[in-house]
Amino acid sequence: MKKTTLCLLLCILPLNILLAQEGYKLWLQYHPVEDAALKKHYTSQNAAISVDHNTPTGSVIREELNTALEAMLELQPNFTSPDKASLLILKQAALPEELQKQLPSNAVQDEEGFTIASLNYTGKPVILITSQTDAGLLYGVFRYLNLLQLHTDTSQLSVTDSPKIKKRILNHWDNLDRTVERGYAGFSIWDWHLLPHLIKEEYIDYARANASVGINGTVLNNVNASAYILQDTYLDKVKALADTFRPYGIQVYLTARFSAPIEIGGLKTADPLNEEVRTWWKEKANAIYKKIPDFGGFLIKANSEGQPGPNNYGRSHVEGANMLAEALEPHNGIVMWRAFVYSDEKPEDRAKQAYSEFVPFDGKFKKNVLVQVKNGPIDFQPREPFHPLFGAMPETPLMMEFQITQEYLGGMSHLVFLPKMYEETLQEDTYARGEGSIVAKVIDGSLNTKKLTGIAGVANIGTARNWTGHPFAQANWYGFGRLAWDPYLKSETIAREWLGMTFTTTPEFIDTMTPLLLNSREAVVNYMTPLGLHHIMAEGHHQGPGPWVKDLGREDWTSVYYHKADRMGIGFDRTSTGSNALAQYAEEIENTYKNKRTIPEDYLLWFHHVAWDYEMKNGQSLWYTLARKYQDGVEDVAQMKKTWNAMQDYVSPAVYEKTRMLLDIQYEEAQWWRNSCLLYFQQLSQMKMPPFIPKAPHSLEYYESIRDPYAPGIKPSWD
């Protein structure tokens with residue numbers, strides 16, 4: 001290599017590395033404020049700050065302010081006494097009387113809530129951030145920095161906000177060997193081998209990111225759990241993480257394997273009614289809380305997909321949950337008992353099984369039990385109707401479970417803005433107490449007067465340099481946190497916030513990219529599972545299409561079980577003439593959905609088996625409309641590519657190039673989905689391909705032959 005070329009590369013390399021690392025900061029980029037007048041205004045407001053840094057959280061607040069103000073304003077603030085400060089960060093109990101009298105009438109009372117207000121103190125204007133607790137102050141500071149990041153006018157602030165849901169939790173499907181089930185961003189960030197002695201910077205930045213959106217809990221290990229996480233050596237490692245997260249208001253939780261008393265306790269049974277078993281769990285809980293006084297509790301996956309549970313002993317879910325709840329109750333811990341249960345031993349429609357197993361126990365769970373319910377009745381599909389349990393268990397606190405990682409939505413390679421999907425689910429009307437009984441009101445407790453409330457998101461975080469692999473997958477972590485805090489937020493608001501903090505506040509960029517984000521999920525639904533199709537992904541890893549998948553160990557693991565396509569038509573009849581799963585919903589929904597003419601066409605093939613030549617609302621046949629949807633999805637991705645190509649001036653070269661290449665992959669895979677599915681369904685419909693569908697470059701046999709045994713997202717075999 002010539003010397004001049006080598007020197008040039010060495011000069012360029014640090015800049016490229018820097019640009020490539022921008023994604024590590026997530027939405028806490030703290031870009032410099034370029035507008036001179038705005039910078040001067042912000043500087044005057046933040047030059048002198050009063051905050052009690054003698055507490056762990058106070059120290060965190062001070063450090064975050066230093067980081068943010070130095071980056072945005074080139075300002076090293078002076079931390080001083082309240083009478084000399086222009087920005088005051090004080091708990092309500094410590095407020096001087098002069099400030100107490102000026103608090104807005106709606107000043108927050110919730111312990112995690114905060115108020116940000118422009119007031120006067122000692123004869124000068126000040127900004128006050130106040131809360132009842134240290135955690136509330138931290139949330140208020142992050143919201144304030146959010147306003148600065150978005151270049152908001154801060155001259156007359158009056159913001160009062162509180163979380164509407166108590167437990168706002170990430171579920172990590174991380175294994176102790178650092179593989180991540182359904183993870184697409186590398187290995188687990190938890191380096192169990194080096195804990196408890198090595199606390200990585202990533203752990204602190206993880207806590208910062210979560211606190212910035214109000215997430216207050218994390219389940220560290222997979223729902224398909226190893227009992228070893230409950231051994232003392234691992235509990236010491238868990239303690240180290242809990243100690244790291246505590247100043248950020250984050251509790252740690254663990255998935256407990258139901259058979260742990262046998263596997264690590266030396267007992268011969270895990271029967272929840274056995275006194276030895278009950279004593280073992282109580283002693284285990286005592287040992288955990290001795291190490292971690294604010295331990296959150298247990299997440300449980302039981303009697304689902306081969307996991308052990310109370311049914312193994314002829315006991316019910318409520319008996320299993322209440323046994324663990326009893327062990328945690330003296331310590332104010334909670335049990336999050338997953339309702340994701342299905343069994344091939346039961347011939348019942350898989351979509352019905354959770355309802356059938358849990359509704360009879362409504363009101364019988366102990367008060368510290370949350371039943372954790374997936375957003376839909378199957379399994380994190382691109383689109384599902386809301387889970388019928390949300391309208392059927394008024395006496396039980398129900399906890400929403402969303403998936404942030406994109407198990408069925410293209411994994412690491414597809415740009416899908418999931419807050420749009422979350423919003424759709426949260427706004428669905430259960431009619432449980434008449435019109436307006438939306439899902440959001442169920443999970444925030446307001447519909448059925450529940451004090452213990454929760455929401456969980458299956459994390460998409462890994463060791464990738466930018467945490468989530470795809471640069472835009474960060475928006476789903478951010479969006480989950482914002483909706484966990486306030487399930488009534490609009491996805492458009494979330495999109496605009498995230499774009500502005502992550503990239504730039506330039507209106508041309510935000511106004512162009514917001515529609516792209518909001519439309520991205522619908523594009524994926526169209527090229528994967530339009531009109532209510534579901535679970536037609538490739539076997540096991542779910543990467544790519546597989547409508548032909550059949551003859552597996554379980555019928556409800558196959559695609560043909562779900563689409564039921566034949567010469568007559570396509571779709572799963574869940575009306576009274578089929579599985580009657582529709583009867584699990586309120587009468588208002590059943591009456592609308594049981595008729596092909598009145599059901600929303602987004603759910604048509606979820607609830608009906610429909611003839612190929614059935615006339616749709618557009619006047620065309622079902623076959624034609626199905627093909628049109630697949631083609632629309634492909635064309636939508638082509639438009640996403642075109643839009644992104646015009647955004648090059650607004651983002652770093654590294655982010656631009658990576659996203660461009662990923663969109664190229666998404667476009668290819670969208671075509672793969674369209675070609676595979678339409679060729680497969682055409683052989684059954686025996687109908688001509690509409691003229692707008694390009695000729696597939698390969699035969700159906702070719703697409704069926706594609707295998708990818710090493711696709712990411714599932715635990716590999718080390719044999």
Side-chain angles (χ1 to χ4, degrees), residues 182 305 340 342 344 348-355 373-390 401-403 405-411 414 416 418 420-422 424-425 428 458 521-550 552 554-566 569-575 578-582 584-585 589 593 596 599-610 622 625-626 629-630 632-633 670 673-674 676-678 680-681 684:
R182 309 307 180 188
E305 298 182 319
F340 180 63
Y342 69 96
D344 60 334
E348 189 174 41
D349 175 5
R350 175 173 161 182
K352 296 176 62 178
Q353 289 189 32
Y355 183 102
V373 184
K374 290 189 177 185
N375 59 285
I378 294 295
D379 190 11
F380 298 135
Q381 296 301 293
R383 170 169 281 128
E384 297 191 44
F386 72 87
H387 203 298
L389 282 178
F390 288 117
E401 181 179 336
F402 284 128
Q403 193 178 59
T405 192
Q406 296 170 209
E407 177 181 353
Y408 294 97
L409 291 103
H414 293 213
V416 192
L418 294 180
K420 182 69 174 178
M421 182 181 76
Y422 306 156
E424 180 180 292
T425 300
E428 289 252 38
V458 180
R521 184 276 187 123
E522 196 66 33
V524 174
V525 170
N526 283 339
Y527 66 70
M528 286 188 182
T529 53
L531 299 175
L533 286 174
H534 52 286
H535 220 305
I536 60 172
M537 289 73 185
E539 176 187 348
H541 53 73
H542 307 146
Q543 297 287 299
W548 45 77
V549 173
K550 61 180 180 180
L552 299 180
R554 297 173 57 139
E555 185 184 19
D556 54 8
W557 285 350
T558 69
S559 299
V560 296
Y561 171 85
Y562 294 100
H563 64 64
K564 299 195 182 301
D566 54 25
I570 183 174
F572 198 126
D573 183 2
R574 291 189 168 99
T575 69
S579 75
N580 205 28
L582 187 53
Q584 294 181 340
Y585 291 89
I589 296 173
Y593 284 27
K596 294 187 188 74
I599 187 173
E601 288 189 343
D602 285 344
Y603 298 135
L604 178 64
L605 302 183
W606 187 285
F607 289 103
H608 292 274
H609 192 267
V610 183
L622 169 65
T625 305
L626 188 68
K629 289 286 187 180
Y630 274 106
D632 285 348
W673 270 92
R674 177 199 62 199
S676 299
C677 292
L678 289 180
Y680 175 79
F681 291 134
L684 297 170

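Because only heavy atoms are used, hydrogens play no part in the values below, and waters and symmetry mates are left out as well, while side chains stay in.
- Between the CG atom of Leu684 and the NE2 atom of His563 there is a distance of 7.5 Å, given to the nearest 0.5 Å.
- With sequence neighbours excluded, the residues satisfying side-chain contact (heavy atoms from CB on, under 4.5 Å) with Lys629 are Asn526, Pro530, Leu531.
- In this structure Asp566 satisfies the salt bridge (charged side-chain N to carboxylate O under 4.0 Å, His left out) test with no other residue, sequence neighbours excluded.
- Judged by the 6.0 Å and 45° rule, Lys564 forms no cation-pi pair with Tyr562.
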Could you walk me through whether His414 and Tyr527 pass the ring-ring contact (aromatic ring centres under 6.0 Å, His included) check?
CA-CA 12 Å; His414 293 213; Tyr527 66 70; 5.7 Å; yes
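- Aromatic rings of Phe572 and His608 (six-membered ring for Trp) have centroids beyond the 6.0 Å cut-off, not under it.
- Checked against salt bridge (charged side-chain N to carboxylate O under 4.0 Å, His left out), Asp379 has the following partners two or more places apart in sequence or in another chain: Arg350, Lys374.
- Classification of Glu555 and Lys550 as a salt-bridged pair fails, no side-chain N sitting under 4.0 Å from a carboxylate O.
- When the side-chain contact (heavy atoms from CB on, under 4.5 Å) test is applied to Glu539, the partners found at least two apart in sequence or on another chain are Val549, Leu552.
- For His542 and His535, the ring centers sit closer than 6.0 Å to each other.
- A search for salt bridge (charged side-chain N to carboxylate O under 4.0 Å, His left out) contacts involving Glu305 returns Lys301, not counting sequence neighbours.
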Carefully, step by step, assess Glu522 and Arg383 under the rule salt bridge (Lys or Arg N to Asp or Glu O under 4.0 Å).
CA-CA 9 Å; Glu522 196 66 33; Arg383 170 169 281 128; 2.7 Å; yes
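- Legend: residues meeting salt bridge (charged side-chain N to carboxylate O under 4.0 Å, His left out) with Glu401, ordered by chain and number and at least two apart, are Arg338.
- The CG atom of Leu622 sits 10.5 Å away from the NZ atom of Lys596 when rounded to the nearest 0.5 Å.
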